[in-house]
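Below you'll find the structure, written out as structure tokens, and then a few comments.
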Protein chains: 2
Amino acid sequence: MDEFDFILKVKPNRTFQKNVKVAIGDDAAVYEPSLNRNQVVCVDTMVEGVHFLKHLSTPFEIGYKALAVNISDIAAMAGIPLYYLVSITVPSSWKEEELVEIYKGMDELAKEYKMDLLGGDTVSTSDKLVISVTVIGEVEQETQTLRSKACDGDIVFVTGNVGDSSAGLAILLDHVQIHNQHSKEYLINRHKKPTPRVNAGRLIGALYRASLNDVSDGLASELNEISEASNVGITVFKDQLPVSDELLSLSSANDIYKWILYGGEDFELVGTTSRNSWEKLKQTCDKMDLKITQIGLVDQKHSGVMLQTVNQELVRIEKSGYNHFRNK
Amino acid sequence: MDEFDFILKVKPNRTFQKNVKVAIGDDAAVYEPSLNRNQVVCVDTMVEGVHFLKHLSTPFEIGYKALAVNISDIAAMAGIPLYYLVSITVPSSWKEEELVEIYKGMDELAKEYKMDLLGGDTVSTSDKLVISVTVIGEVEQETQTLRSKACDGDIVFVTGNVGDSSAGLAILLDHVQIHNQHSKEYLINRHKKPTPRVNAGRLIGALYRASLNDVSDGLASELNEISEASNVGITVFKDQLPVSDELLSLSSANDIYKWILYGGEDFELVGTTSRNSWEKLKQTCDKMDLKITQIGLVDQKHSGVMLQTVNQELVRIEKSGYNHFRNK
């Protein structure tokens with residue numbers, strides 16, 4: 001395989017954003033930023049054997065997810081994703097057709113969001129495939145949905161459902177038996193092809209003030225980050241956590257709350273805003289058919305994050321989300 | 001090692017650019033682009049065993065070079081480097097102190113250019129260290145120093161000297177014996193700590209028109225890229241190629257032209273511009289003590305790139321620079 005030929009193969013033959021002045025192919029790409037917008041940037045990496053297993057995901061799904069997790073970070077800053085750059089380190093065990101499929105998986109999402117590929121680097125290695133994606137987006141200059149913006153009395157909310165992704169992973173790894181074929185496929189798909197919540201992020205960004213995180217490391221971890229950064233206590237109501245019917249359909253022998261609270265990779269948005277803003281947000285989301293649910297309150301009676309059970313008991317939730325180095 | 005603790009350790013405690021609105025630490029970073037400037041972006045990856053060997057480079061040098069090669073791409077677009085994002089995939093054979101040193105190596109260059117670190121991702125893996133760096137810069141909206149901008153009659157130029165870096169690598173790998181200690185250190189240092197030519201790039205960008213590439217894959221490869229993209233022939237005069245005294249000091253048994261033409265990783269800038277612009281550029285560079293040398297002419301009498309020897313013979317130079325997939 002020739003690196004230059006390969007780049008030509010995966011380079012999209014169209015540009016969505018008219019602001020792209022020099023597309024992929026020169027030393028660097030050039031784009032014109034929109035007036036009165038800030039630029040939002042993030043990078044996230046997926047490693048074979050750590051974030052995916054080659055025998056359990058198709059190359060298309062791996063590419064799709066590698067871009068999705070980065071778009072999710074832009075969504076958590078209320079931004080519009082516009083551009084992406086990709087670096088792939090490839091062992092010889094991967095065929096060129098598989099690499100092309102990885103790029104196709106990214107391209108499916110890129111088309112949905114009208115994003116343009118602005119850079120790529122493909123390097124051979126001896127062992128595991130590593131895919132690192134940088135996404136650049138834009139956001140209004142006055143908008144900052146930071147983790148540090150939660151205030152006493154805020155409503156705590158989350159988009160979509162939580163727990164599906166890690167339940168899907170448990171099914172994929174044969175840690176859990178599931179007989180309902182629809183539920184099985186649904187949960188696995190939530191793990192493999194998460195939906196970045198860009199539209200919800202845009203609505204939340206338009207509020208007067210909101211704190212926001214995407215659920216990459218688990219709800220418990222993200223809520224603790226907001227609690228720490230904002231120096232507030234958070235109470236979560238266990239019976240209000242949004243759970244899909246498919247997750248509920250798993251045998252009662254499985255404690256689904258380990259997935260809901262600590263599972264991670266849901267890529268939903270979790271945040272807080274004032275009660276007034278919440279009511280407006282909820283109404284708009286309902287109209288647009290975007291699921292969003294109140295799951296708790298910012299509550300200065302305690303520090304950290306507490307889970308209130310159906311018996312009104314308060315249980316502390318530690319930040320035990322996924323941390324890649326913890327196992328070292 | 002804890003990922004969150006590690007990020008705190010390597011996160012610089014200052015921000016150079018006042019336009020950084022949200023620094024590293026939230027879901028994504030946010031910056032305000034300068035008025036009337038385009039954004040320039042690129043990504044480049046270095047892999048242990050492919051781009052560096054752990055026993056031959058210090059972690060500091062590895063970090064330095066990983067950022068330098070990306071700044072060089074921005075320089076080749078006549079841009080000002082401003083921001084960078086880093087993704088590192090780390091096997092357990094690397095100690096935390098070594099990773100901190102990699103970031104210090106990047107920080108040394110970042111301080112020189114007043115660049116801010118806007119994102120980081122650190123993931124564990126089983127095998128080789130992979131470091132992927134994205135750099136964002138800015139350039140005036142009217143400036144485009146593309147490979148496709150060479151015209152008949154242009155002067156072909158290169159900054160600095162060529163061949164040092166790959167001679168330094170040959171010395172490091174014990175492929176070449178060298179007795180002069182100063183020359184040895186100089187050449188190895190050119191390989192390990194290349195100098196991105198940002199100032200020269202800015203001067204070239206200010207010309208009415210110029211084509212430009214950075215010498216990452218070897219002079220022959222970069223000149224062929226300009227020749228192809230601009231659809232022009234290029235003649236290079238062998239006796240005008242700028243060669244350091246240290247490279248010349250290598251024993252005459254070594255054909256230094258394999259390094260000069262095909263070595264790569266010099267990260268000098270090679271390009272073309274009109275004779276008038278060249279004269280202005282040369283004068284300004286001389287005043288600023290920036291070495292820049294005419295090495296040839298754009299010449300429509302032939303296609304591709306030809307080397308004119310001291311005997312006036314013309315020898316075709318193929319695009320045989322380093323291509324990571326060629327050896328597969």
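Worth saying up front: this structure is predicted, and the values here are computed from it rather than measured. By convention in this document, chain letters (A, B, ...) are assigned in the order of the sequence lines, proteins followed by strands, and residues within each chain are numbered from 1.
- Using a 4.5 Å cut-off between heavy atoms, B:Val130 contacts chain A through its side chain alone, with no backbone atom that close.
- The pair A:Asp127-B:Lys128 does not meet the salt-bridge criterion, since no charged nitrogen lies less than 4.0 angstrom from a carboxylate oxygen.
- For A:Gln39, the parts lying near chain B are the backbone and the side chain together; criterion is any non-hydrogen pair under 4.5 Å.
- The distance from the OG1 atom of B:Thr45 to the CD1 atom of A:Ile88 is 10.0 Å, given to the nearest 0.5 Å.
- Heavy atoms closer than 4.5 Å to chain B are found in both the backbone and the side chain of A:Val40.
- The minimum heavy-atom distance linking B:Val50 with A:Val123 is given by the pair CG1-CG1, 4.2 Å.
- If you take CG on B:Asp27 and OG on A:Ser216, they are separated by 7.0 Å, rounding to the nearest 0.5 Å.
- The choice from B:Gly119, B:Ala29, B:Ala76 that makes the most heavy-atom pairs within less than 4.5 Å of chain A is B:Ala29.
- A donor-acceptor pair is defined here as one N or O able to donate and one able to accept, closer than 3.5 Å; no such pair exists between the side chain of A:Arg37 and the backbone of B:Glu32.
- Atom-to-atom distance recorded for A:Gln144:CD and B:Lys21:NZ is 8.5 Å, nearest 0.5 angstrom.
- Of the atoms belonging to B:Val47, it is side-chain heavy atoms, and not backbone ones, that fall under 4.5 Å from chain A.
- Atom OG1 of residue B:Thr89 and atom CE of residue A:Met46 lie 11.5 Å apart, to the nearest 0.5 angstrom.
- Across B:Ala229, B:Ser132, B:Gly137, the residue that shares the most heavy-atom pairs under 4.5 angstrom with chain A is B:Ser132.
- Among all heavy-atom pairs drawn from A:Val30 and B:Met77, the shortest one is CG2-CE, 3.8 Å.
- By number of non-hydrogen pairs under 4.5 angstrom with chain A, the leading residue of B:Leu146, B:Leu35, B:Asn70, B:Leu118 is B:Leu146.
- Only the backbone of A:Val86 comes within less than 4.5 Å of a heavy atom in chain B; its side chain stays farther off.
- Between atom OG1 of residue A:Thr134 and atom OH of residue B:Tyr84 there is a gap of 14.0 Å, rounded to the nearest 0.5 Å.
- In this structure, CG in A:Asn19 is found 8.5 Å from CG in B:Asn38, a value given to the nearest 0.5 Å.
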